[in-house]
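Down below is the structure, laid out as structure tokens.
All of these numbers come straight from a predicted model, not from anything done at the bench.
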Amino acid sequence: ILFICTLLMFTVISCKTTAEPIVYDKNLPEIRKELRGINLMMRQGEFTDAAKRLEQALILYPENKDFKTVQCFLLIEQGKKQEAKDLINSLISQMPANALLYTAKGILEVKNAEYDNALESFEKSISLANSGLAFPFFQKGLLHYQQKDYENASVAFFKAKQIEFRNPDYLFMYFLCQLYLTKSL
């Protein structure tokens, strides 16, 4: 009986240690699909749901830098400024060529009324992206628009809409600036 119990215990222990871990699909299309879902929730203002889904994604894909970058934007939207600042600075030190991190930094600086620093961050983002991302141009345009600098805002929105011509926000803000500019003539 002792032999059978020992054998049974060994079998149970060895099953626990040799069981295959759950492997999640880590291919790029699945990760992009998850990122799009989280971004959509954030754009719709569903920050609590986005945070839950992002938390799950970070558990499943802890090494993925894109989810960590999205986390920066989510923290900003949730008003967790210090936590966002700490994460952004940490990630910039790990990924100094990530243009979106500088955009997040600029957005946070706008929220903290650090407008000159924000403009520098947007410029850095644009230079890193080699003008391939519309979002930093849009954020730069929003900063100029907020400061009633419609000329520079119009230029930034125009560049954003050139890159993503189907984005209605970019087009709307560009034409809004054009109205202000023609009104002042």
Side-chain angles (χ1 to χ4, degrees), residues 34-58 64-161 163-164 167-181:
E34 191 65 24
L35 281 166
R36 279 193 305 271
I38 294 167
N39 279 321
L40 180 60
M41 286 178 183
M42 289 173 58
R43 280 195 309 270
Q44 294 174 342
E46 300 170 4
F47 301 119
T48 303
D49 291 338
K52 289 176 188 174
R53 192 161 172 184
L54 181 59
E55 184 180 328
Q56 291 171 343
L58 285 168
N64 187 285
K65 308 265 190 225
D66 293 330
F67 286 120
K68 292 178 182 179
T69 302
V70 169
Q71 186 179 22
C72 295
F73 289 99
L74 183 58
L75 290 170
I76 292 168
E77 289 299 327
Q78 292 175 317
K80 299 177 180 178
K81 293 179 181 180
Q82 189 58 49
E83 198 174 334
K85 182 179 181 178
D86 293 343
L87 182 59
I88 290 167
N89 289 334
S90 170
L91 291 176
I92 284 176
S93 70
Q94 297 170 34
M95 303 178 287
N98 184 324
L100 286 175
L101 287 173
Y102 286 95
T103 304
K105 183 178 181 189
I107 292 169
L108 183 60
E109 290 164 340
V110 167
K111 289 190 180 288
N112 289 329
E114 300 168 5
Y115 303 119
D116 291 338
N117 292 339
L119 188 57
E120 286 178 28
S121 293
F122 295 140
E123 290 293 338
K124 177 77 172 176
S125 179
I126 290 166
S127 71
L128 287 172
N130 293 321
S131 300
L133 285 175
F135 192 58
F137 282 110
F138 182 68
Q139 291 300 322
K140 180 181 174 185
L142 289 176
L143 174 59
H144 287 303
Y145 182 83
Q146 181 181 346
Q147 296 175 327
K148 298 185 183 346
D149 180 357
Y150 302 118
E151 183 77 35
N152 284 320
S154 178
V155 170
F157 292 137
F158 181 79
K159 289 179 181 177
K161 79 175 191 68
I163 296 167
E164 285 184 34
N167 189 312
D169 295 335
Y170 302 167
L171 192 61
F172 174 78
M173 291 305 297
Y174 171 73
F175 283 116
L176 186 60
C177 286
Q178 293 303 304
L179 287 173
Y180 278 111
L181 289 171

## Note on the structure
In short, G141 meets A153 closest at the heavy-atom pair O-CB, 3.5 Å
### Query
If you measure from NZ on K161 to CG on D169, what distance do you get to the nearest 0.5 Å?
14.0 Å
Going by atom type alone, with no hydrogens or angles, which donor-acceptor pairs under 3.5 Å involve a side-chain atom of residues 93-102 and a protein atom two or more places apart or on another chain?
residue : atom : partner : partner atom : Å
S93     : OG   : S90     : O            : 2.6
Q94     : NE2  : S90     : OG           : 3.3
N98     : OD1  : L100    : N            : 3.0
N98     : OD1  : L101    : N            : 3.2
N98     : ND2  : T69     : OG1          : 3.3

### Task
Over all heavy atoms of both residues, which pair between K105 and I92 is shortest? Give the atoms and the distance, please.
CD-CD1, 4.0 Å
### Message
For a 4.5 angstrom cut-off between non-hydrogen side-chain atoms, does F138 reach N167?
### Response
no
### Summary
Applying side chain to side chain contact (heavy atoms under 4.5 Å, CB included) to I163 and not counting sequence neighbours gives A134, F137
### Task
List the steps, then state whether side-chain contact (heavy atoms from CB on, under 4.5 Å) holds for L108 with E114.
CA-CA 9 Å; L108 183 60; E114 300 168 5; over 6 Å; no
Using residues 46-57 as the side-chain source, report each donor-acceptor pair under 3.5 Å to any protein atom, sequence neighbours left out, with the distance given to one decimal.
residue : atom : partner : partner atom : Å
R53     : NE   : E34     : OE2          : 2.7
R53     : NH2  : E34     : OE1          : 3.4

### Approximate separation, where rounding is to 0.5 Å, of F175 CZ and F157 CZ
13.0 Å
### Query
With a 4.5 Å heavy-atom cut-off, do N64 and K68 have their side chains touching?
no
### salt bridge (charged side-chain N to carboxylate O under 4.0 Å, His left out): pairs with one or both residues in residues 90-100, sequence neighbours excluded
none
### Query
Is the number of heavy atoms from other residues, nucleotides or ligands under 6.0 Å of E151 CD greater than 12?
no
### Task
Quick one: list whatever passes side-chain hydrogen bond (donor to acceptor under 3.5 Å, both in side chains) with E83, sequence neighbours left out.
none
### Task
State, without any angle test, whether Q139 and T103 hold a side-chain donor-acceptor pair at a distance under 3.5 Å.
no
### Query
Does the E109 side chain pair with the main chain of A118, one donor and one acceptor, at a distance under 3.5 Å?
yes
### Task
Give me the ring orientation class for Y180 and Y150: parallel if the planes are under 30° apart, tilted from 30 to 60°, perpendicular past 60°.
parallel
### Query
Rounded to the nearest 0.5 Å, how far apart are CG of L181 and OG of S154?
5.5 Å
### Query
Would you call L176 and M173 a side-chain contact if the rule is heavy atoms closer than 4.5 Å?
yes
#### Entry: Test log, rule side-chain contact (heavy atoms from CB on, under 4.5 Å), inputs L91 and Q71
CA-CA 11 Å; L91 291 176; Q71 186 179 22; over 6 Å; no
### I38 side chain near F73 side chain, heavy-atom distance below 4.5 Å
no
#### Entry: By side-chain hydrogen bond (donor to acceptor under 3.5 Å, both in side chains) - contacts of Q44 (at least two apart)
none
### Message
Between I88 and I76, does the side-chain contact (heavy atoms from CB on, under 4.5 Å) criterion hold? Intermediate values first, please.
### Response
CA-CA 10 Å; I88 290 167; I76 292 168; 4.1 Å; yes
### Query
From S127 OG over to F122 CZ, what is the distance, rounded to the nearest 0.5 angstrom?
13.5 Å
